[in-house]
Participant: 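Sharing a structure below in structure tokens format, with a few things to ask.
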Amino acid sequence: MPISLYNSLSRRTEPFRPLNPDRVTMYLCGPTVYNYVHIGNARGPVVFDVLVRLLRRHFPAVLYARNITDVDDKINAAAQSQGVEIGTITAKFSQAYREDMAGLGIAPPDLEPRATDHIQAIIRMIGQLLEDGHAYVAEGHVLFDVGSYPDYGRLSGRDTEELIAGARVEVAPYKKNPTDFVLWKPSTPDLPGWPSPWSLGRPGWHIECSAMSAAHLGDTIDIHAGGIDLLFPHHENEVAQSTCAHGGKVFARWWMHNGMLTFDGRKMSKSLGNVLLVHELLKAHPPEALRLRLMSGHYRQPLDWSDGAIAQSVSTLDGWYRVLRDLAHVELPDGGLPVPERVEAALCDDLNTPQALAELSQLADQARINGDAASKAALLGGGALLGLLQQSPEAWFKRGDNHVDEARIEDLLRQRQAARAGRDFARADAIRDELGAMGIVIEDGAQGTRWSVLKT
RNA sequence: GGCCUGGUGGCAGAGUGGUCAUGCAGCGGCCUGCAAAGCCGCGUACGCCGGUUCGAUUCCGACCUAGGCCUCCA
């Protein structure tokens with residue numbers, strides 16, 4: 001089943017054919033580690049995690065890199081305001097990021113390059129750009145000369161002339177051209193700095209990704225992904241740098257951009273202050289419900305975040321896990337889980353996760369109706385491709401709540417059963433109400449009385 | 001101001017030139033001691049105005065409206 005993916009570069013959905021099918025390469029712009037990430041930051045990692053899972057089914061080797069930017073002025077500012085070393089900040093939030101991503105069921109990338117480990121590669125790349133006349137030195141800075149790259153603006157659909165005319169920011173006096181961007185900037189003694197031919201300094205943001213991508217994945221990669229807000233200037237600049245530093249070779253063959261997460265109708269962003277931290281949401285809601293919500297819309301569309309939407313996701317998962325709980329006694333067939341064709345087909349169509357989820361609902365219906373091993377395996381197999389249904393039904397219905405007093409619940413259920421047996425329904429209902437007050441909902445079924453934690 | 005996306009039923013959210021999205025919620029019935037779950041059934045959609053067409057939610061144009069980028073940002 002061929003994979004088709006929308007390419008921001010051509011603005012069309014195209015059949016995905018990697019340069020080398022034996023080694024598919026993909027790069028996702030990762031976080032700048034100066035704070036906890038918000039749920040909007042997790043959308044790309046989640047949807048591209050699904051893409052990687054899909055790619056791994058189609059190709060023998062996929063090399064997926066997600067970088068960590070650990071040198072940046074925001075990090076410097078955070079360290080300064082908290083009175084700690086920069087390394088303290090970056091170590092803490094790098095780890096927090098890994099934990100948050102793992103919490104959302106995102107598989108670790110194959111490579112997690114850090115900017116500070118690639119300073120020499122960055123310096124070499126800048127040197128190459130200078131040598132080839134694509135960059136110039138000014139007051140200890142090295143700037144990319146946009147005028148030297150005629151294709152600048154092609155990815156983001158921008159006209160260089162208009163960019164110059166429409167420049168709203170104050171232009172640094174040492175720039176030849178307002179759109180020129182910094183590759184290297186000088187540092188003062190209180191800031192992190194590395195020796196270079198131009199100054200004791202640090203790299204600009206854009207060059208980091210270019211250098212890390214080339215160092216690990218090669219001059220030309222198959223897919224470069226990130227949020228649509230990075231399309232300009234970040235990705236446009238990456239294209240310019242990498243293409244020029246590599247003698248005109250194509251940098252990324254596919255550019256994929258996820259839409260923004262909104263909250264109260266506005267883009268969720270740190271600068272707007274309307275953020276919900278993954279770190280906090282993971283404590284308040286079942287993690288899989290967060291993941292489900294993030295892929296319940298098509299990845300290129302905007303997606304609005306709300307408590308109501310989380311509750312819907314929880315209800316949906318309740319239904320699927322209920323099926324699995326009823327089939328707990330059904331042994332799975334040997335040989336691993338199959339991937340249902342319809343789920344895969346949906347994903348092959350430019351990662352249509354909403355369609356894939358609709359298929360999963362059908363599979364849940366089938367499993368409930370048929371109750372056989374093959375149907376159960378199909379449901380779990382479809383879930384696995386999406387990174388869902390990864391826990392036991394029992395764990396799901398306990399909502400990861402370690403405070404529930406299971407012994408007391410079981411005791412009350414026994415008392416209720418005794419009351420029911422004696423047809424003392426007033427007593428039985430009183431016990432059910434008592435459990436309800438504890439946040440426990442129950443249901444009587446053929447396999448006895450079940451209980452779940454009522455919580456989103 | 002420039003560039004780019006969207007506007008689908010109570011909510012979420014796919015998709016399609018003419019026959020079904022799907023989920024959540026709601027309503028009626030069955031089941032149940034009563035519930036819950038499940039099963040059966042029901043309902044309400046494609047921003048607005050034109051155009052193309054035998055026929056448009058789907059194609060084209062205008063308009064209204066929401067959002068993104070143009071500055072750090074997933």
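Hydrogens, waters and symmetry mates are skipped; everything else that's a heavy atom, side chains included, is used. Just so we're on the same page: letters track the sequence lines, and every chain starts at 1.
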Participant: Could you state the atom-to-atom distance from CG of A:Asn370 to P of B:G38 in whole Å?
Facilitator: 16 Å
Participant: Under 4.0 Å between a side-chain nitrogen and a carboxylate oxygen: does that hold for A:Lys175 and A:Asp145?
Facilitator: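 Salt bridge absent between A:Lys175 and A:Asp145.
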Participant: Indicate, with a heavy-atom threshold strictly under 4.0 Å, whether A:Gly44 touches base, sugar-phosphate, or nothing.
Facilitator: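 Here A:Gly44 touches no strand at all.
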Participant: Whole angstroms only, please: what is the CG-P distance between A:Asp318 and B:A12?
Facilitator: 20 Å
Participant: Does any donor atom in the side chain of A:Ser313 or A:Arg293 lie under 3.5 Å from an acceptor atom in the other side chain?
Facilitator: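 There is no such pair between these side chains.
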Participant: Using a cut-off of 4.0 Å on non-hydrogen atoms, how would the nucleic acid contact of A:Gly319 be classed: base, sugar-phosphate, or nothing?
Facilitator: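 Here A:Gly319 touches no strand at all.
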Participant: Students often get this wrong, so: under 4.0 angstrom with heavy atoms, is A:Leu230 touching a base, only sugar-phosphate, or nothing?
Facilitator: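 Here A:Leu230 touches the backbone only, sparing every base.
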Participant: Looking for any heavy atom pair under 4.0 Å, which part of the strands does A:His234 touch: base, sugar-phosphate only, or nothing?
Facilitator: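 Result for A:His234 = nothing.
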Participant: Across the strands shown, which category fits A:Leu261 at heavy-atom distances under 4.0 angstrom: base, sugar-phosphate, nothing?
Facilitator: base
Participant: Using the salt bridge (charged side-chain N to carboxylate O under 4.0 Å, His left out) rule, collect all pairs that involve residues 416-426 of chain A, keeping only residues at least two apart or in two chains.
Facilitator: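 Sorted result for residues 416-426 of chain A: A:Arg416-A:Asp444, A:Arg420-A:Asp444.
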Participant: Answer yes or no: does a side-chain N or O of A:Arg293 lie under 4.0 Å from OP1 or OP2 of B:G13?
Facilitator: yes
Participant: Starting at the 5' end of RNA chain B, which residue's closest nucleotide do you reach first, A:Asp429 or A:Ser271?
Facilitator: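 On the 5' side of the pair lies A:Asp429.
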Participant: Have a look at A:Arg11 and say if it touches a base, only the backbone sugar-phosphate, or nothing, with a 4.0 Å heavy-atom cut-off.
Facilitator: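 The residue A:Arg11 makes sugar-phosphate contact but no base contact.
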Participant: For the residue pair A:His216 and A:His118, confirm or rule out a side-chain donor-acceptor distance under 3.5 Å.
Facilitator: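 Judged by distance alone, the side chains do pair up.
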Participant: If the cut-off is 4.0 Å, is A:Arg420 near the phosphate of B:C34, judged by side-chain N/O to OP1 or OP2?
Facilitator: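 So the side-chain polar atoms of A:Arg420 never come under 4.0 Å of the phosphate oxygens OP1 or OP2 of B:C34.
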Participant: When we call it a touch if two heavy atoms are under 4.0 Å apart, what does A:Arg416 touch: a base, just sugar-phosphate, or nothing?
Facilitator: base
Participant: When A:Trp254 is tested against each of A:Tyr27, A:Phe48, A:Phe16 for ring-ring contact (aromatic ring centres under 6.0 Å, His included), which residue passes?
Facilitator: A:Phe16
Participant: Could you tell me how the ring of A:Phe144 sits relative to the ring of A:Phe181: parallel (under 30°), tilted (30 to 60°) or perpendicular (over 60°)?
Facilitator: parallel
Participant: For A:Glu359, which contact category applies under a 4.0 Å heavy-atom criterion: base, sugar-phosphate, or nothing?
Facilitator: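 If one applies the 4.0 Å heavy-atom cut-off, A:Glu359 turns out to touch nothing in the nucleic acid.
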Participant: Mind checking A:Arg300 for me? I need base, sugar-phosphate or nothing, with any heavy atom below 4.0 Å counting as a touch.
Facilitator: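 It contacts nothing in the nucleic acid.
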Participant: Of the residues in residues 341-355 of chain A, which ones touch RNA chain B at a heavy-atom distance under 4.0 Å?
Facilitator: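 By residue number: A:Asn352, A:Pro354, A:Gln355.
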Participant: Check the orientation of A:Tyr321 and A:Trp396. Use parallel for under 30°, tilted for 30 to 60°, and perpendicular for over 60°.
Facilitator: parallel
Participant: How close or far is atom P of B:C69 from atom CZ of A:Arg154, stated in whole angstroms?
Facilitator: 24 Å
Participant: Using a cut-off of 4.0 Å on non-hydrogen atoms, how would the nucleic acid contact of A:Gly226 be classed: base, sugar-phosphate, or nothing?
Facilitator: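 It contacts sugar-phosphate atoms only.
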Participant: Is a donor-acceptor contact shorter than 3.5 angstrom present between the side chain of A:Arg432 and the base of B:A35?
Facilitator: yes
Participant: Can a side chain N or O of A:Lys267 be found less than 4.0 Å away from OP1 or OP2 on B:C69?
Facilitator: yes
Participant: What orientation do A:Tyr152 and A:Phe232 show, parallel under 30°, tilted 30 to 60°, or perpendicular over 60°?
Facilitator: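 Correct class here is perpendicular.
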Participant: Is it the case that B:G6 (base atoms only) and A:Gln301 (side chain only) share a donor and an acceptor within less than 3.5 Å, ignoring hydrogens and angles?
Facilitator: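 Donor-acceptor pair under 3.5 Å: no.
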